Amino acid sequence: MHPDYARIYATIQRIPRGRVATYGQIAELAGLPGRARQIGYALHALPGGSPVPWQRVLNARGEISLPGASGARQRALLVAEGVEFGDDGRIDLSAYQWRPRPARRR
DNA sequence: GCCAGGGCGCTAA
DNA sequence: ATTAGCGCCCTGG
């Protein structure tokens with residue numbers, strides 16, 4: 001497995017329940033700026049039953065990027081943890097986006 | 001090897 | 001608010 005994947009997964013696992021992050025945000029936090037697309041790949045490669053909360057990752061517009069049944073599954077998981085969807089099928093990022101504590105300085 | 005298409009995103013118009 | 005163009009990297013044909 002690609003070493004970057006481990007960092008991607010580790011970052012995603014920091015997203016608290018009931019909050020969401022965007023692909024670009026994860027890429028950035030994982031030290032892979034500009035490679036949002038790779039996040040999607042990493043998640044796609046994720047085996048079922050892993051501890052990684054893949055459902056908490058959305059695109060920059062606050063919507064689910066998966067088509068069909070997969071998307072419905074993701075949505076159900078999010079709703080189950082308290083995330084609300086608007087009529088247009090989007091999530092209000094200003095309300096639900098995860099804002100990790102900035103890196104420590106010294 | 002080249003080409004096209006993806007769980008994406010930013011900027012410019 | 002939308003669209004077009006480009007950058008990124010991975011996979012499949």
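Values below: every heavy atom of this structure, side chains too, minus hydrogens, waters and symmetry copies. So you know, we letter chains A, B, ... as the sequences are listed, proteins then strands, and number each from 1. Worth saying up front: this structure is predicted, and the values here are computed from it rather than measured.
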Quiz item: Does atom CD of A:Gln97 have more than 12 heavy-atom neighbours from other groups under 6.0 Å away?
Solution: yes
Quiz item: Would you say the side chain of A:Ile39 lies within less than 4.5 Å of the side chain of A:Thr22, judging by non-hydrogen atoms?
Solution: no
Exercise. Determine whether A:Gln38 and A:Asp4 make a side-chain contact, defined as any pair of heavy atoms from C-beta on separated by less than 4.5 Å.
Key: yes
Quiz item: Does some side-chain heavy atom of A:Gln55 sit less than 4.5 Å from a side-chain heavy atom of A:Arg75?
Solution: no
Self-check item: Boundaries of the chain A footprint along DNA chain C (any atom under 4.0 Å from a heavy atom)
Solution: C:dC8 to C:dT11
Self-check item: Letter per nucleotide, 5' to 3', of nucleotides 8-13 of chain B [B base touched, S only sugar-phosphate touched, - untouched; heavy atoms, 4.0 Å]
Solution: BS----
Exercise. Both distances under 3.5 Å, Watson-Crick or G-U wobble: report the partner of B:dG7, or none.
Key: none
Practice problem: Taking only Lys NZ, Arg NE, NH1 and NH2, and the carboxylate oxygens of Asp or Glu, determine whether A:Arg19 and A:Glu81 approach each other closer than 4.0 Å. | Solution: no
Exercise. Could you tell me whether a side-chain N or O of A:Gln74 sits under 3.5 Å from a main-chain N or O of A:Arg56, the two making a donor and an acceptor?
Key: no
Practice problem: Round to the nearest Å and state the distance from A:Ile64 atom CD1 to B:dG6 atom P. | Solution: 19 Å
Self-check item: Complement of C:dT2, any strand, by Watson-Crick or G-U distances under 3.5 angstrom
Solution: B:dA13
Practice problem: Compare every heavy atom of A:Pro100 with every heavy atom of A:Leu29, then report the nearest pair and how far apart it is. | Solution: CD1-CG, 3.9 Å
Quiz prompt | Pairwise C1' distance, B:dG7 and C:dA4 [rounded to whole Å] | solution = 22 Å
Quiz item: How about A:Tyr9 and A:Ser50: do any of their side-chain heavy atoms sit closer than 4.5 Å?
Solution: no
